[in-house]
Amino acid sequence: MCGFVGFAGEDGTLDHGATVRAMADAIAHRGPDDAGYFTDGRAALGFRRLAIIDLEGARQPLRNEDDSLVLVFNGEIYNYRELRSALIRAGHRFSTDGDGEVVLHGFEQWGPAVLDRLRGMFALALYRPADGELFLARDAFGIKPLYYAEIGRRIVFGSEIKGLLPYPRLERRLNERRLPHYLCMEYLPDEETLFTGVRKLAAGHWLRWRDGRAEYRRWFAPSFAPDEGCSLDESAEAIAEAVRGSVAAHAAADVPVGCFLSAGVDSSLVAHEASRLMDARTFSIGYDDGRFSELEQAASFARAIGLANEGRTLGAEEFFASVPAVQYALDEPLPNPSAVPLYHLCAHAAQSSKVVLSGEGADELFGGYPYYQECLAFEPYMAAPASLRRGLGAAAGRLPAGVRGRRFLMRGARPLSERYIRLEYNFPWTEALGLLTPELGARGAAAPAPWEVTAPLFAEMGAAGLDEVTAMQTADILTWMQQDILLKADKMSMAASLELRVPFLDREVFAVARTLPTALRVTRGETKVALRRAATRTLPAVTAAMPKKGFLTPLAQWLREDPWAASVREVLNSETARMFFRGDRLNALLDEHQRGTRSNMKKIWSAYCFVIWYDQYFREHRNV
C-alpha cells in the first residue's frame with residue numbers, strides 16, 4: 001500500500017529529480033515508511049511506501065530483469081502467490097517476495113491481459129524507457145484512485161490530485177462549469193474533477209500513452225447476469241463461502257490487521273469471519289447522543305465473537321475543527337458528513353493497526369439501499385403510458401407540498417434515467433443554478449443537466465434490458481460507489497497512513513452477487529435478502545436483520561445550535577462564499593434550518609464544504 005506520482009514526455013528543461021520529489025512529498029502520508037524515485041531524462045516516477053508485505057524488500061520503483069520496464073504500484077494483489085508460481089514456471093526470475101513484482105512480470109508475460117488475472121485493489125503505472133511508453137491502469141471497482149492530466153504532449157499522474165499540483169506546468173484552476181453538478185450530486189459522476197484539466201482514470205480502465213497521444217480501454221465492466229433458478233438457500237451458501245474466502249485473502253499481511261465495526265450486518269459479517277482467522281482488534285466510532293451512536297451494539301457484538309473493541313466518541317467541537325483537514329485530504333470537496341467520523345476512526349485505528357477490513361461495497365453488490373425498493377413500488381405504475389404519467393406528474397406538481405401521493409406521481413412521471421436518486425441528491429438542478437451567482441448560474445444553465453451527463457450510462461443499461469433495481473445498482477457501482485464511498489474510504493484511511501481493505505469488493509464475491517435474481521437482492525419489505533440469509537448462519541438474528549442506517553451524525557441538530565450554526569454562517573458569508581454563491585439564498589437555507597421549518601442540512605453542508613475546500617487549495621495553497 002502506498003502512493004505514487006510521475007510524469008512523462010518532458011523536453012529536458014525541467015529538473016526531474018526535484019520536481020518528482022516535491023510531488024511525492026505532497027502525498028507522503030500515503031507512504032511514510034520509504035520513498036523511491038526513477039528518472040531517465042524524459043520521464044520520472046516517484047513512490048511513497050506503506051510497508052505491508054515483504055517489509056524489508058519490495059521497494060519501488062521496481063524494474064524487471066533487463067530494466068526494460070519500471071513499475072510503481074499502489075494496492076494489494078491477494079492471489080499474488082499463485083501468479084508468482086505460474087510466472088516462475090514460465091521462466092521469470094523474482095528478486096522480492098512482494099506482490100508488486102507479480103504485476104511487473106505479469107505484464108511482461110500477458111500484457112494488459114494481466115489485469116484480468118489480478119485479484120485485488122490497485123492503481124499502477126508501468127514505464128518502458130526504450131520508447132517512452134507509459135501504461136496506467138485502475139482496478140475493477142475503483143478501490144484505489146488514479147488521476148492524470150495531459151498538458152500538450154506531456155502527461156502527469158498520481159494517486160492524489162495534491163501530488164500533481166507541484167508539477168510546474170500544471171495550472172491550478174477551478175473547473176467552474178461543473179460546480180452545479182457538484183451541488184446536485186456531491187461529486188462528479190464522470191472522469192472530470194473540479195480541477196480544470198485533471199481527470200480520474202475510470203475504474204476498470206487502462207490508458208496507454210506514447211508520443212503525446214493517449215489510448216483508453218475499458219478492461220472490466222460490472223454486469224449482472226441473474227440466475228433465476230437459484231434458490232435462497234443456495235445463494236446464501238454461495239455468499240457465505242465467497243465472503244469467507246475473501247476475508248481470508250484480505251487478512252493476509254505481515255503487520256497487525258483490525259476491523260471497522262458498526263452494528264450493521266456488513267461490517268459484522270466481515271469481523272466475524274476475521275475472528276475465525278486471528279485475534280483482531282475492532283474499531284468503532286459514535287457520539288454521546290445515543291440516537292446517533294452504535295457503540296454499545298458494536299461492543300456487544302465484538303464481545304460475542306471474542307474480539308476486542310475500541311470505541312471512540314466524537315463531539316461537535318472536534319467534528320467542526322477537523323473539517324478543513326478532511327476536505328484537504330479528500331482532494332475534491334465531498335459533503336458526505338460521514339467523512340468526518342471516518343477520518344477520526346482511521347486515525348484512532350492507525351495507533352495500533354496498519355491494516356483494517358471494512359464493509360464497503362455490500363450495499364451496491366447485494367441491494368442494500370432502501371431506495372432500491374422504490375423501483376418495486378413504481379413497477380406497476382410504470383406500465384401506464386408515459387403521456388399519462390407525465391400529465392399526472394404535472395398535476396401533482398401544482399398541489400401543495402406534503403399532499404399524500406404528490407411525490408410518487410411527480411417522480412413516477414420520469415424514467416429512471418431522470419429520477420435516479422443520486423442525480424439531485426443534495427440540490428434540485430434548478431435550485432443549484434439559482435444558488436450560484438448570476439454569472440455562474442447562467443454558465444451552468446448552458447451545461448448539461450445531471451441526467452444528461454449520465455444519459456449514456458442509462459442508455460447502455462437500457463440496451464442490456466436491465467430491470468430498474470439492477471440498473472440502479474449498476475449506476476451506483478459506476479458512480480456513487482467510486483466517487484463517494486470508495487474515494488472517502490481511501491482518502492480518509494491514507495490520511496492516517498492506514499490501509500483499508502474491502503472484502504466485499506472482490507472478484508469471487510462479485511461472481512456470486514451478479515448471479516442473484518433481483519428478488520434475492522431486494523423485495524418490497526427487505527433489502528440484501530440473500531446476504532442477510534447468509535449472515536443468519538453465523539450472526540445473531542438481530543444483527544443479520546439490522547436495517548440500513550449509514551454512518552450517522554448529529555450534524556443536522558448541530559446546525560441548529562450555536563456556536564456551530566454561527567460558525568457555519570460566518571463561513572457562508574465569507575469573501576470566498578460570495579465569489580460563488582448568492583448570500584441571500586444561503587442565509588435563507590440557514591434560517592429555515594435553524595427555525596426547524598425545513599431540514600436543509602445536506603444543502604448547507606454542500607456549500608460549506610466547498611468553501612472550506614476552496615480555501616485550502618486556492619487561497620492557502622497548503623501543499624506548495
Side-chain angles (χ1 to χ4, degrees), residues 1 50 52-53 76 78 120-121 143 239-240 242-286 293-314 338 341-363 365-366 368 485-486 488-490 492-494 496-506 509 528 531 534-535 537-540 543-544 546 549-552:
M1 184 56 56
L50 182 67
I52 303 296
I53 293 173
E76 299 290 348
Y78 304 116
M121 56 182 184
I143 303 169
I239 292 169
V243 172
R244 187 174 303 119
S246 181
V247 171
H250 283 66
D254 296 332
V255 295
V257 177
C259 296
F260 284 163
L261 182 63
S262 69
V265 62
D266 307 333
S267 64
S268 297
L269 192 55
V270 169
H272 181 270
E273 293 302 331
S275 73
R276 299 173 184 262
L277 306 167
M278 56 189 175
D279 184 20
R281 284 188 174 93
T282 62
F283 304 96
S284 309
I285 195 163
S293 185
E294 298 177 314
L295 284 176
E296 185 177 335
Q297 299 97 310
S300 176
F301 178 78
R303 285 193 298 271
I305 61 174
L307 294 182
N309 179 255
E310 297 183 16
R312 186 190 188 289
T313 57
L314 183 63
S338 66
L342 182 58
Y343 175 84
H344 290 279
L345 180 61
C346 289
H348 177 63
Q351 295 175 17
S352 55
S353 292
K354 214 167 185 178
V355 175
V356 290
L357 308 184
S358 189
E360 277 88 354
D363 289 316
L365 266 60
F366 291 99
I485 298 298
L486 293 177
K488 171 166 54 76
D490 173 83
M492 296 299 91
S493 59
M494 285 283 89
S497 303
L498 178 74
E499 173 168 313
L500 188 148
R501 299 179 179 178
V502 282
F504 282 110
L505 294 178
D506 173 75
V509 176
K528 286 189 289 203
L531 180 67
R537 295 165 178 251
T538 54
L539 304 185
T543 302
M546 184 70 69
K549 290 185 177 180
F551 215 147
L552 302 176

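- Nearest approach of Lys528 to Gly368, heavy atoms of both residues: CG-CA, 3.4 Å.
- Residue pairs meeting the salt bridge (charged side-chain N to carboxylate O under 4.0 Å, His left out) criterion with at least one partner in residues 301-310, sequence neighbours excluded, are Arg281-Glu310.
- Residues Ala496 and Ala350 share a closest heavy-atom pair of O-CB, 3.5 Å.
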* Check against side chain to side chain contact (heavy atoms under 4.5 Å, CB included), Val509 and Phe366 -> CA-CA 10 Å; Val509 176; Phe366 291 99; 3.8 Å; yes
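- Going from atom CZ of Phe504 over to atom CD1 of Ile239 covers 9.0 Å, rounded to the nearest 0.5 Å.
- To the nearest 0.5 Å, atom CG of residue Asn309 and atom CG of residue Leu295 are 7.5 Å apart.
- Evaluation of the side chain to side chain contact (heavy atoms under 4.5 Å, CB included) rule for Ala280 yields Met278 as partners, not counting sequence neighbours.
- The main-chain N or O of Asp490 is found under 3.5 Å from a side-chain atom of Ser493 such that the two form a donor-acceptor pair.
- Between Val356 and Leu345, every side-chain heavy-atom pair lies at or beyond the 4.5 Å cut-off.
- Annotation: the span from Gln297 atom CD to Thr543 atom OG1 amounts to 9.0 Å, rounded to 0.5 Å.
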Distance-only criterion, 3.5 Å: show the donor-acceptor pairs between side-chain atoms of residues 269-277 and protein atoms not counting sequence neighbours.
unit_1, atom_1, unit_2, atom_2, d
Glu273, OE1, Arg276, NE, 3.0
Ser275, OG, His272, O, 2.5

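- The shortest distance between side-chain heavy atoms of Leu531 and Asp266 falls below 4.5 Å.
- With rounding to the nearest 0.5 Å, the separation of OG in Ser267 from CZ in Phe283 is 13.5 Å.
- For the atom pair Met121 CE and Glu76 CD, the distance stands at 5.5 Å (nearest 0.5 Å).
- Within the 3.5 Å criterion, the main-chain N or O of Gly286 finds no donor-acceptor partner in the side chain of Thr313.
- Residues Ala349 and Leu498 share a closest heavy-atom pair of CB-CD2, 4.1 Å.
- Remark: the backbone N or O of Gly264 is paired with a side-chain donor or acceptor of Ser268 at under 3.5 angstrom.
- Across Leu357 and Val257, no two heavy atoms sit closer than the pair CG-CG1, 4.1 Å.
- Residue Ile285 holds its CD1 atom at 8.5 Å from NE2 of His348, rounded to the nearest 0.5 Å.
- The two residues Ser352 and Pro256 come nearest to each other via the heavy atoms O-CB, 3.9 Å.
- Remark: Ala298 pairs with Leu261, Ser284 by the side chain to side chain contact (heavy atoms under 4.5 Å, CB included) rule, at least two apart or across chains.
- Contact between Val247 and Pro503 at its shortest, heavy atoms only, is CG2-CB, 4.0 Å.
- Every residue two or more places apart in sequence or in another chain that forms a side chain to side chain donor-acceptor pair (under 3.5 Å) with Ser246 is listed here: His250.
- Partners of Ser358 under the side chain to side chain contact (heavy atoms under 4.5 Å, CB included) rule, at least two apart in sequence or in another chain, are Phe260, Glu360, Leu500.
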* Taking it one step at a time, do Ile305 and Leu539 satisfy side chain to side chain contact (heavy atoms under 4.5 Å, CB included)? -> CA-CA 9 Å; Ile305 61 174; Leu539 304 185; 5.7 Å; no
